[in-house]
J.: 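Here it is, the structure in full.
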Amino acid sequence: MTLLTDELKQAAAYKALELVQDGMLVGLGSGSTARFFTEGVGRLVAEGMKVRGVPTSRATAELAAEVGIPIVTELVGPIDLAVDGADEVDPSLNLIKGRGGALFREKLVATASKRFVVVVDESKMVKQLGAGVLPVEVLPFLWRSSAERLAGLGLSLVIRGGEETPFITDNGNLILDVTVEGGIKSPGDFGVELKKITGVVEHGLFVGMTDTVIVAGPEGPKALGRASSGI
Ligand code: 5RP
């Protein structure tokens with residue numbers, strides 16, 4: 001039987017629901033895979049579980065409100081568990097995220113979490129990051145200067161949405177979709193280089209942040225990573 005990508009995304013997200021416990025503060029990711037997780041958390045809340053959520057985007061905040069999850073946006077302690085999708089996952093569980101445009105808040109939530117769990121279908125697993133574009137969020141003010149500096153690193157890029165109707169992030173910024181010829185050989189170092197450019201607010205490389213990846217293929221979801229126990 002051929003499973004559709006959506007069914008695989010759902011299988012991965014539902015597996016992550018097994019990690020949600022009463023009383024938890026849970027980071028709610030963005031995108032079509034994380035959506036299955038948020039809807040599932042909504043069902044747990046409807047069944048009486050006391051869970052609060054920290055949404056990683058306005059879209060997720062709206063969904064969380066729709067399905068009845070109490071929302072927290074001011075933290076007074078760590079998030080117990082964050083669950084989010086990804087665009088690419090390499091063998092060291094480093095990620096590219098942000099093709100949905102929510103990378104900055106997603107990174108903030110992942111960083112503030114005790115456990116960061118990534119849910120993907122198997123098509124997201126790559127040998128080396130950079131097969132597709134790397135989203136970089138930049139301040140709109142003098143954004144061409146930031147773009148020129150990125151181009152100076154030998155990168156080609158496009159402004160998401162085009163110059164006439166650019167995509168605007170939840171933080172009021174622009175996204176430059178960067179192509180790295182030959183892929184990203186050293187994601188950690190490359191991320192540091194990108195952050196040195198004034199005007200770069202954040203980039204979609206998540207390096208050394210993932211505790212567990214739940215990847216769904218035809219044989220069902222399986223957990224990878226240093227903290228894959230418990231599922
Ligand atoms: C949004 C993201 C998403 O998690 C990522 O794009 C994966 O999305 P999907 O689950 O729809 O494939 O990083 O900024």
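Whatever order the structure lists them in is the order used to number ligands and atoms, beginning at 1. Residue numbers start at 1 and run along the sequence shown.
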J.: Quick check: does any side chain N or O of Asn94 sit under 3.5 Å from a backbone N or O of Gly208, one acting as donor and the other as acceptor?
T.: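 At least one qualifying donor-acceptor pair exists.
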
J.: Give the residue and atom name of whichever protein heavy atom lies nearest to atom 11 (O) of ligand 1, and the separation in Å to one decimal.
T.: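 Of every protein heavy atom, Ser32 OG, 2.5 Å lies nearest to atom 11 (O) of ligand 1.
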
J.: Could you find the nearest protein heavy atom to atom 5 (C) of ligand 1 and give me its residue, atom name and distance?
T.: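 Going atom by atom, the protein heavy atom closest to atom 5 (C) of ligand 1 ends up being Asp87 OD1, 3.2 Å.
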
J.: Considering heavy atoms of the protein only, find what lies nearest to atom 1 (C) of ligand 1 and give residue, atom and distance to 0.1 Å.
T.: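 Sorting protein heavy atoms by distance from atom 1 (C) of ligand 1 puts Glu106 OE2, 3.1 Å first.
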
J.: Would you mind listing which atoms of ligand 1 come within a distance below 4.0 Å of any non-hydrogen atom of Gly85?
T.: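 Atoms satisfying the 4.0 Å criterion: 4 (O).
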
J.: What atoms of ligand 1 come within less than 4.0 Å of a heavy atom belonging to Gly31?
T.: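 Ligand 1 atoms under the 4.0 Å threshold to Gly31: 11 (O).
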
J.: Gly98 to ligand 1: N or O pair under 3.5 Å?
T.: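 Yes, since at least one N or O of Gly98 sits under 3.5 Å from an N or O of ligand 1.
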
J.: Give the atom numbers and elements of ligand 1 that come within less than 4.0 Å of a heavy atom of Gly101.
T.: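 Those qualifying, in numeric order: 14 (O).
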
J.: Please report the shortest heavy-atom distance between Thr210 and Val213, naming the atom on each side.
T.: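 It is CG2-CG2, 3.6 Å.
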
J.: Charged N to carboxylate O below 4.0 Å: is that the case for Glu148 and Arg144?
T.: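 No, Glu148 and Arg144 are not salt-bridged.
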
J.: Would you call Glu88 and Lys97 a salt bridge, taking side-chain N to carboxylate O under 4.0 Å as the test?
T.: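 No.
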
J.: Among protein heavy atoms, which sits nearest to atom 3 (C) of ligand 1, and what does the distance come to when rounded to 0.1 Å?
T.: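 Closest protein heavy atom to atom 3 (C) of ligand 1: Ser30 O, 3.3 Å.
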
J.: Ala102 versus ligand 1: do any nitrogen or oxygen atoms come within less than 3.5 Å of each other?
T.: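 Checking ligand 1 against Ala102, an N or O pair does fall under 3.5 Å apart.
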
J.: Using modelled atom types and a 3.5 Å cut-off, is there a donor and acceptor pairing between side-chain atoms of Thr60 and backbone atoms of Gly29?
T.: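 At least one qualifying donor-acceptor pair exists.
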
J.: Please name the pair of heavy atoms, one in Ala102 and one in Ser57, separated by the smallest distance, quoted to 0.1 Å.
T.: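 Between these two residues, the closest heavy atoms are CB-CB, 4.0 Å.
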
J.: Check whether any side-chain N or O of Asp80 sits under 3.5 Å from a backbone N or O of Leu25 as a donor-acceptor pair, and report yes or no.
T.: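 A pair under 3.5 Å: yes.
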
J.: Heavy-atom distances under 4.0 Å decide this one: backbone, side chain, both or neither, for Ala86 against ligand 1?
T.: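 Contact part for Ala86 vs ligand 1: backbone (N, CA, C, O).
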
J.: Give a yes/no verdict on whether any heavy atom in Lys124 is under 4.0 Å from an atom of ligand 1.
T.: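 Per 4.0 Å heavy-atom rule, Lys124 contacts ligand 1.
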
J.: In terms of residue, atom name and distance, what is the protein heavy atom nearest to atom 10 (O) of ligand 1?
T.: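 Protein heavy atom with the smallest distance to atom 10 (O) of ligand 1: Thr33 OG1, 2.6 Å.
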
J.: Taking all non-hydrogen atoms of both residues, which atom of Ile184 and which atom of Gln128 are closest, and how far apart?
T.: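 The pair with the smallest heavy-atom distance is O-CG, 3.4 Å.
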
J.: Is the contact between Asp84 and ligand 1 made by the side chain, the backbone, both, or neither, using heavy atoms and a 4.0 Å cut-off?
T.: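 Near ligand 1, Asp84 shows its side chain, while the N, CA, C and O stay back.
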
J.: Hey, is the main chain of Thr5 close enough, under 3.5 Å, to the side chain of Asp121 for a donor-acceptor pair?
T.: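 Such a contact is absent between Asp121 side chain and Thr5 backbone.
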
